[in-house]
Amino acid sequence: MLEHDLYRLFGFRSFKAGQKEIIQTLLDQNDVFAMLPTGRGKSLCYQLPALLTEGLTIVISPLLSLMEDQVQQLKRQGIKQVASLNSFSTWDERRELLDQLHMYKILYTSPEMLQSKELLNRLIPIRIAYLVVDEAHCVSYWGHDFRADYLRIKNVKELLSNPPCLAITATASAFVREDVMTQLALTKPVSFIESVNRSNISLFVEEVSIAKQKVERLCEVLEKAKVPGLIYVQTRAHAESLFLQLRERIPMLKSSYYHGGMPSEERMLIQQQFIEGQLDVVIATSAFGMGLNKSDIRFVVHLHYPLDMASYVQEIGRAGRDNEQSIALVLISPEDYAYAQFFVQRNERSEEEWIAVMNELSKQAVDEQTIVKRLEELQIEQGRTFLYLMELWGIKWNTLREEAKIKNLATKLYRYFKDRQEERLERLKPVVTYINQAESCRRATMLRFFDEEPVLQGQCCDRCGLTLNAFQRDEDAKHDKRFEWQEELNILFGLTEK
DNA sequence: CGACGCCAAGTTACCTTGGCGTCGGTGCCGTAAT
């Protein structure tokens, strides 16, 4: 009886929608592709089978912080045979873990670490219960772009004699789902696809005529909106400058900023402060939010074009996990579209440039590390992808002396990255449709993108007649403690006349 | 594409203006060479 095990191991009396079917299918030794909306208990879908099955379950996670969170959470629940292996681990910890690997039930690791010979050699002799790819959309989104090791998971899976594999995510279009299943080489996967619709999140798009008005309008919204909330911006510099502007203009709003260029301690601190309610607003790039465990987020504002629909749904899905009314607002100005296009089209290198890069590389680079490093210096972020492609195409580095071969490879590289770029451009188009559509319901447009038949929901977006005013704090909220405190301060400093 | 920093020239003493170049998101990994 699965419910019995659920209660015994996790203390829950019943499953949430979708969980039991996924778990049963895995226990029956099938490959599974699962799409469950955020907050529906994705991790339980593999944790329970892992504990009920002999052997070790490997969980591939995209972020170090996610791994650490999961391990700590399981340990708090009394499940101790859990560990993570990543660059946080000290050498001693690694050695000890690898020596004792057969004693563990669940191992969290990164796709990159999974490629290490040291780990692989230890994994091959032991029984692997399941291979799990958490946040599986990353396979398609990052794998082709800058984390090629996501595309190498299938090789490891084969080396481990193809254990049942679970790919699980919250949002993926039909195209991405197919791609993930192909890239992981799932065999006859059983798919469980739940609706991505979150009916308590109301959808809005506003376009102001010039860029400067964006901050103006944002402040209007912020002064009335319920907090906490998230504000997404396109670049790191925007995050920092908007933070300064908001601090100036709405001093009582407790805010901070977050992006990938900050030291990890700082990032962890801000995320923690936000979760604990010490911050009203975080202004962030897309770096913020994956695995964020906070249920009462009231709004998610984008001050730029989201670069694709699935990421947008993923980001706004962080609002309203408590099922209370929440807002998703895209606030843009006309020039933002060109900016989005620029972002999507960046990194375009001609064949000639690739030839130059290859010549440059062949002068000195021999081992993989040097190649990646040298490519980084040349501002090519896809070093690992480069190596992956060489391997895929069966090209040996030291045979690359002849001009013709180099030219041939440059052409292939050019085409590969050009294709990726066109895919990104294709992914931007539905977003443009969503933003510019003249009349029809935004939710319907969004759901159709995921091949869902939209259900009528009454007033659900600005196109259905909803206005932002409906979401203002109560009138007397203006006199809440933060404001009184502000007034007192003003009096103290003589800024307000008594 | 557009924001921003740097630098040289402009007209005037330290401060502005304009041209030019650079850079822009997402994350693993890293135990380094004279």
Side-chain angles (χ1 to χ4, degrees), chain A residues 60-68 84-95 108-119 134-135 137-153 210-212 214 232-242 245 257-264 267 283-291 302-308 310-312 314-315 332-348 364 367-377 379-385 387-388 420 424 427-428:
Chain A
I60 300 166
S61 170
L63 303 182
L64 303 180
S65 58
L66 283 186
M67 298 178 211
E68 302 303 322
S84 61
L85 181 64
N86 53 46
S87 59
F88 272 3
S89 329
T90 64
W91 285 116
D92 284 349
E93 284 167 350
R94 291 184 200 194
R95 195 170 333 105
Y108 285 88
T109 194
S110 65
E112 289 81 7
M113 191 58 89
L114 194 62
Q115 292 300 318
S116 96
K117 295 265 182 311
E118 209 185 354
L119 175 60
D134 198 10
E135 308 286 353
H137 58 280
C138 293
V139 173
S140 187
Y141 273 87
W142 290 353
H144 298 293
D145 203 4
F146 69 104
R147 287 186 77 177
D149 294 283
Y150 262 110
L151 305 182
R152 291 178 150 137
I153 293 174
I210 51 166
K212 275 185 185 165
K214 267 185 3 184
Y232 280 106
V233 292
Q234 185 87 83
T235 68
R236 297 171 177 184
H238 281 140
E240 297 191 17
S241 73
L242 182 62
Q245 286 179 69
Y257 62 90
Y258 184 109
H259 58 66
M262 294 157 63
S264 61
R267 292 170 64 169
I283 304 143
T285 62
S286 59
F288 189 72
M290 203 188 269
H302 283 70
L303 292 183
H304 63 98
Y305 273 68
L307 295 185
D308 69 274
S311 308
Y312 183 60
Q314 177 108 192
E315 283 161 4
I332 44 165
S333 57
E335 63 270 29
D336 290 337
Y337 178 61
Y339 208 47
Q341 263 195 323
F342 166 79
F343 250 81
V344 161
Q345 293 184 328
R346 89 220 181 293
N347 283 335
E348 192 177 353
Q364 37 154 315
D367 66 304
E368 302 200 331
Q369 288 234 349
T370 323
I371 294 177
V372 174
K373 210 190 237 169
R374 192 71 196 101
L375 285 172
E376 253 168 39
E377 284 162 18
Q379 296 190 356
I380 300 171
E381 303 144 358
Q382 302 94 341
R384 302 280 295 169
T385 306
L387 293 174
Y388 169 78
R420 299 287 82 75
R424 287 198 296 267
R427 292 208 296 250
L428 179 62

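Proteins come first, then strands; the chains are lettered A, B, ... in the order of their sequence lines, and each starts at number 1.
- Pair check for B/dA33 finds none; no Watson-Crick or G-U wobble contact set falls under 3.5 Å.
- The residue A/Pro111 sits apart from the nucleic acid: no heavy atom pair falls under 4.0 Å.
- One finds a side-chain N or O of A/Ser110 lying less than 4.0 angstrom from the OP1 or OP2 phosphate oxygen of B/dC29.
- Whole-Å rounding puts the A/Met67 CE to B/dC28 P distance at 7 Å.
- If A/Ser241 and A/Thr90 are placed on DNA chain B by their nearest nucleotide, the residue sitting closer to the 5' end is A/Ser241.
- Applying the side-chain contact (heavy atoms from CB on, under 4.5 Å) test to A/Arg427 and every residue at least two apart in sequence or in another chain returns A/Tyr141, A/Asp308, A/Arg424.
- Phosphate contact (OP1/OP2 of B/dC23, side-chain N/O of A/Thr235, threshold under 4.0 Å): absent.
- Taking the C1' atoms as reference points, B/dT11 lies 9 Å from B/dT16, given to the whole Å.
- Pairing for B/dC23 is with B/dG2, a Watson-Crick or G-U wobble pair whose two hydrogen-bonding atom distances lie under 3.5 Å.
- In this structure, the nucleotide among B/dG2, B/dC28, B/dT26 sitting nearest to the side chain of A/Leu64 is B/dC28.
- The side chain of A/Trp91 lies closest to B/dT31, out of B/dG2, B/dT31, B/dG27.
- When distances are taken from the side chain of A/Leu63 to each of B/dT26, B/dC28, B/dC1, the shortest belongs to B/dC28.
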*asked:* What verdict does the ring-ring contact (aromatic ring centres under 6.0 Å, His included) test give for A/His304 and A/Tyr339, after you've listed the backbone C-alpha separation in whole Å, the side-chain angles of each residue and the deciding distance to 0.1 Å?
replied: CA-CA 9 Å; A/His304 63 98; A/Tyr339 208 47; 9.1 Å; no
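- Within the 4.5 Å cutoff, the side chain of A/Pro111 has no heavy atoms near those of the A/Arg152 side chain.
- The side-chain heavy atoms of A/Glu135 and A/His137, taken from C-beta on, include a pair separated by under 4.5 Å.
- Remark: the separation of the P atoms in B/dG25 and B/dC29 is 22 Å, to the nearest Å.
- Taking atom CZ on A/Phe88 and atom P on B/dG27, their separation rounds to 12 Å, with Å as the unit.
- When the P atom of B/dG25 is taken as reference, atom CZ of A/Phe146 falls 13 Å away, rounded to whole Å.
- Partner assigned to B/dT11 is none, using Watson-Crick or G-U wobble distances below 3.5 angstrom.
- At whole-Å resolution of the value, NE2 in A/His144 and C1' in B/dC28 are 18 Å apart.
- Of the side-chain N and O atoms in A/Arg267, one or more sit less than 4.0 angstrom from OP1 or OP2 of B/dG27.
- Contacts of A/Asn86 with the nucleic acid, taken as non-hydrogen atoms under 4.0 Å apart, involve only primed sugar atoms and P, OP1 or OP2.
- With the nearest nucleotide of DNA chain B identified for both A/Ala237 and A/Ala338, A/Ala338 has the one nearer the 5' end.
- For B/dT17 and B/dT12, the P atoms lie 12 Å apart once the distance is rounded to whole Å.
- Protein atom NE2 of A/His238 is 12 Å distant from nucleotide atom C1' of B/dC23, rounded to whole Å.
- Comparing B/dC14 with B/dC7, their C1' atoms sit 16 Å apart, to the nearest whole Å.
- Salt bridge present: A/Arg384 and A/Asp149 bring a charged side-chain N and a carboxylate O closer than 4.0 Å.
- At whole-Å resolution of the value, NE2 in A/His137 and P in B/dT26 are 15 Å apart.
- Look at A/Arg236 and you'll find a side-chain N or O under 4.0 angstrom from OP1 or OP2 of B/dG25.
- Rounding to whole angstrom units, CD of residue A/Gln345 and P of B/dG24 are separated by 18 Å.
- Across B/dG25, B/dC1, B/dG27, the shortest atom-to-atom separation from the side chain of A/Trp142 is found for B/dG27.
- Using a 4.5 Å cut-off on side-chain heavy atoms (C-beta onward), A/Tyr232 and A/Pro306 make no contact.
- Contacts of A/Met290 with the nucleic acid, taken as non-hydrogen atoms under 4.0 Å apart, are absent.
- A close approach under 4.0 Å does not occur between any side-chain nitrogen or oxygen of A/Ser87 and OP1 or OP2 of B/dC28.
- As judged by a 4.0 angstrom heavy-atom cut-off over every strand, A/Gln234 is placed among residues touching the sugar-phosphate backbone only.
- Residues forming a side-chain hydrogen bond (donor to acceptor under 3.5 Å, both in side chains) with A/Tyr305 (at least two apart in sequence, or on another chain): none.
- In this structure, of B/dC28, B/dG24, B/dT26, it is B/dG24 that holds the atom nearest to the side chain of A/Phe342.
- Spacing between atom CZ of A/Phe343 and atom P of B/dA3 amounts to 13 Å, rounded to whole angstrom units.
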